[in-house]
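Right, one structure below, let's go through it.
Quick caveat: nothing in here was measured; it's all calculated off a predicted structure. Hydrogens, waters and symmetry mates play no part in the numbers below; they use all other heavy atoms, side chains included.
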Amino acid sequence: MDRRTVLRGGLVTTAGAALALLNDGPARAAGLLRSGRPRLTHGVQSGDVTANEAVIWARSDRPARMLVELSDRPDFRHARTVRGPVLTPDTDLTGKAFLRGLPPGRELHYRVRLDGLDRHLASEPVAGRLRTAPRTRRDIRFVWSGDLAGQGWGINPDLGGYRIFKAMAAVDPDFFLCSGDLVYSDGPLSETVKLPDGSTWRNLTTPEKSAVAQTLAEYRGQFRYNLQDANLRAFNAQVPMLYQWDDHETLNNWYPGEILDLPQYTEKRVDVLSARARRAAFEYTPIAIPAAKGGRIYRKISYGPLLDVFMLDMRTYKSPNDADDSPAQRDGLLGAEQAAWLKRELRRSRATWKIIANDLPIGLVVPDGTAQEAAAQGDGGAPLGREREIAGILSDIKKHHVRNTVWLTADVHYTAAHYYDPSKAAFKDFDPFWEFVSGPLNAGAFGPNALDGTFGPVAKFVQAPPHANTSPAEGYQFFGEVDIDAHSASLTVRLRDLDGRTLHTETLTPVR
């Protein structure tokens with residue numbers, strides 16, 4: 001790695017001897033506080049990793065300069081140091097270093113340390129690892145899921161915390177596709193919850209998790225809460241994230257322009273709340289924020305000749321929740337600009353597989369009281385309401401011969417494999433495709449939801465809990481794994497449970 005392989009304008013120096021990893025215990029933290037040295041408070045993360053770029057995230061306990069050492073060796077011999085931003089209270093002491101010019105198809109090691117602004121005392125470092133996307137064909141593996149700390153189920157130390165992240169780390173993925181609801185800003189936690197069998201669920205709690213989030217500080221506190229979990233921090237340090245949001249980063253089932261009629265909220269304007277939630281999400285996740293495009297969430301991540309990932313945003317441009325049965329509606333989930341972008345980028349893609357990450361499912365009915373939250377409304381007939389936007393995308397995919405699209409989602413808190421068959425559909429102008437559902441990571445389990453027949457979905461596999469809001473203690477927590485074989489280019493999806501056991505497998509052969 002030469003001087004061109006680091007962030008433009010970065011300060012490049014030779015690293016010294018390998019430093020110890022940060023022991024984040026209270027005694028060490030207290031010692032650093034007394035010494036005047038800055039401290040990394042919530043581990044490190046990487047994200048939006050491509051063949052030549054990556055984002056590295058960290059948070060300090062005080063204003064300090066972020067420095068990233070980068071090497072292709074775990075002992076950091078001949079490492080280079082990238083000078084990152086100054087972490088200030090304006091971003092809640094979080095920050096990101098944007099790395100460019102990285103070598104493709106390589107495993108890289110990084111560690112973050114902080115340089116104090118007054119006496120230039122350095123923090124102890126925290127190390128991480130990432131793999132850059134290949135330029136040539138090689139095996140690819142990633143995992144996906146969503147929904148963390150929902151419905152009153154937070155970090156339970158008696159059960160090992162968020163232990164699903166251990167199972168996800170064990171399959172050694174190249175990246176984690178987070179399908180939204182990484183926090184539950186509308187989900188206060190109590191210290192204990194009585195379980196149906198008479199036992200007690202015990203939550204770690206914080207002041208910010210004692211009520212619904214409304215202020216920017218409270219939204220930031222939702223992310224800090226989850227990062228208390230050692231399993232999540234260890235996973236973040238080893239597996240890059242591709243992040244998209246859904247509703248609970250702000251509040252349940254929200255849409256732009258909504259005015260709340262909920263007594264627990266003193267701020268009734270959802271547009272105000274979502275702006276605060278969005279800022280906190282950008283500050284606390286390793287999402288690359290293109291300033292020229294307003295920090296939009298939807299984007300394409302190219303991962304070599306076998307894979308492009310299309311990260312959608314089905315929240316920012318969403319229409320109001322209603323009966324969803326308009327025969328003339330043109331959009332409602334993506335909005336005109338994002339829908340046009342998706343069609344255009346799918347046509348341009350030369351990757352064998354096109355993964356479309358949709359934070360709301362296509363064919364599942366997701367009620368919001370008497371209204372509808374997602375695309376389907378359950379009538380099984382011609383496309384109405386938001387279904388018309390989905391129909392337009394599916395028709396465009398067929399018209400332009402876009403092959404090998406697979407849709408991945410979470411949201412409904414169970415796991416399933418759906419095959420969309422035009423021969424069984426009311427609307428037939430599309431090619432067959434699969435949509436896979438997984439989650440939650442650590443939240444109440446629900447389902448299964450009804451399937452709407454408009455696009456002809458057939459449930460090939462479903463695993464759901466026996467009753468609504470089943471606690472994580474009963475095991476109905478799920479993630480999905482995707483493997484792409486370099487030689488055959490086949491794509492295999494495995495739906496896995498809390499402990500990593502495979503529940504269902506589908507292997508798809510690419511259409512040439």
Side-chain angles (χ1 to χ4, degrees), residues 246-247 253 255-257 298 310 312-347 354 356-412 416-437 447-460 462 511:
D246 193 32
D247 54 337
N253 293 350
Y255 52 84
Y298 70 87
F310 300 83
L312 303 186
D313 177 0
M314 293 177 152
R315 193 56 55 178
T316 301
Y317 314 97
K318 195 169 183 288
S319 62
N321 291 348
D322 56 18
D324 195 29
D325 58 0
S326 168
Q329 185 169 333
R330 293 187 177 183
D331 52 30
L333 288 175
L334 304 179
E337 181 179 329
Q338 182 179 188
W341 165 85
L342 178 60
K343 294 174 184 177
R344 182 176 63 251
E345 292 302 321
L346 283 170
R347 293 176 211 153
K354 294 88 175 169
I356 303 174
N358 48 308
D359 51 289
L360 284 170
I362 296 172
L364 288 171
V365 181
V366 185
D368 179 17
T370 59
Q372 298 298 331
E373 160 72 353
Q377 74 291 98
D379 69 351
L384 297 173
R386 301 183 188 117
E387 288 175 333
R388 289 170 54 81
E389 184 179 50
I390 300 298
I393 292 167
L394 296 179
S395 292
D396 196 80
I397 289 172
K398 178 181 178 181
K399 176 182 177 181
H400 293 279
H401 309 290
V402 177
R403 306 303 188 196
N404 309 317
T405 61
V406 176
W407 299 64
L408 301 181
T409 190
D411 186 64
V412 290
H418 299 146
Y419 180 68
Y420 287 76
D421 186 348
S423 71
K424 301 179 184 302
F427 175 83
K428 300 181 181 298
D429 187 25
F430 68 94
D431 291 326
F433 67 95
W434 286 85
E435 178 187 49
F436 295 95
V437 184
N449 293 38
L451 277 170
D452 185 305
T454 297
F455 302 116
V458 178
K460 297 293 188 179
V462 175
V511 177

Is there a donor-acceptor contact under 3.5 Å from the side chain of [X] to the main chain of [Y]?
X: Arg403; Y: Val511; answer: no
X: Gln338; Y: Asp313; answer: yes
X: Asn321; Y: Asn253; answer: yes
X: Glu389; Y: Gly335; answer: yes
X: Lys354; Y: Asn404; answer: no

Determine whether Asp325 and Gln372 satisfy the following criterion, side chain to side chain contact (heavy atoms under 4.5 Å, CB included), listing intermediate values before the conclusion. CA-CA 9 Å; Asp325 58 0; Gln372 298 298 331; over 6 Å; no
Please determine which of Trp434, Phe455, Phe436 meets the ring-ring contact (aromatic ring centres under 6.0 Å, His included) test together with Tyr419. Trp434
Begin from the C-alpha positions of Phe433 and Ile356 and carry the test side chain to side chain contact (heavy atoms under 4.5 Å, CB included) through to its verdict. CA-CA 11 Å; Phe433 67 95; Ile356 303 174; over 6 Å; no
Please determine whether side chain to side chain contact (heavy atoms under 4.5 Å, CB included) holds for the pair Asp379 and Asp452, giving the CA-CA distance in whole Å, both sets of side-chain angles, and the decisive distance to 0.1 Å. CA-CA 7 Å; Asp379 69 351; Asp452 185 305; 3.9 Å; yes
Is there a side-chain contact between [X] and [Y] (heavy atoms, below 4.5 Å)?
X: Pro457; Y: Glu435; answer: no
X: Glu337; Y: Tyr317; answer: no
X: Leu364; Y: Leu451; answer: yes
X: Val402; Y: Asp396; answer: no
X: His418; Y: Trp407; answer: no
X: Tyr420; Y: Leu394; answer: no

Closest non-hydrogen atom pair, [X] against [Y]:
X: Ser326; Y: Gln329; value: OG-N, 3.2 Å
X: Gly456; Y: Ala425; value: N-CB, 3.3 Å
X: Asp421; Y: Ser423; value: OD1-OG, 2.7 Å
X: Val412; Y: Pro361; value: CG1-CG, 4.2 Å

Any chance you could measure [X], atom [atom1], to [Y], atom [atom2], to the nearest 0.5 Å?
X: Asp331; Y: Arg386; atom1: CG; atom2: CZ; result: 10.0 Å
X: Ile397; Y: Leu346; atom1: CD1; atom2: CG; result: 5.0 Å
X: Asp359; Y: Asp247; atom1: CG; atom2: CG; result: 8.5 Å
X: Leu360; Y: Leu333; atom1: CG; atom2: CG; result: 6.0 Å
X: Thr409; Y: Asp246; atom1: OG1; atom2: CG; result: 7.5 Å
X: Thr454; Y: Gln377; atom1: OG1; atom2: CD; result: 5.5 Å

Please work out whether the ring planes of Phe427 and Phe430 are parallel, tilted or perpendicular, with thresholds of 30° and 60°.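 Parallel: the ring planes of Phe427 and Phe430 meet at under 30°.
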Parallel, tilted or perpendicular: which fits the ring planes of Phe310 and Trp341, with parallel below 30° and perpendicular above 60°?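 Phe310 and Trp341: perpendicular rings.
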Assess the residue pair Lys318 and Glu373 against the criterion (salt bridge (charged side-chain N to carboxylate O under 4.0 Å, His left out)); give the C-alpha distance rounded to whole Å, side-chain angles, the decisive distance to 0.1 Å, and a yes or no. CA-CA 9 Å; Lys318 195 169 183 288; Glu373 160 72 353; 3.2 Å; yes
NZ (Lys399) with more than 12 external heavy atoms under 6.0 Å: no
Residues, nucleotides or ligands: over 12 heavy atoms within 6.0 Å of Arg330 CZ: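 Counting other residues, nucleotides and ligands, CZ of Arg330 stays at 12 neighbours or fewer.
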My understanding is that only one of Ile390, Asn358, Leu342 makes a side-chain contact (heavy atoms from CB on, under 4.5 Å) with Leu334; could you say which?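 Per the side-chain contact (heavy atoms from CB on, under 4.5 Å) rule, the option paired with Leu334 is Leu342, out of Ile390, Asn358, Leu342.
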What's the verdict on side chain to side chain contact (heavy atoms under 4.5 Å, CB included) for Lys343 and Ile393, showing C-alpha distance, side-chain angles and the deciding distance? CA-CA 7 Å; Lys343 294 174 184 177; Ile393 292 167; 4.1 Å; yes
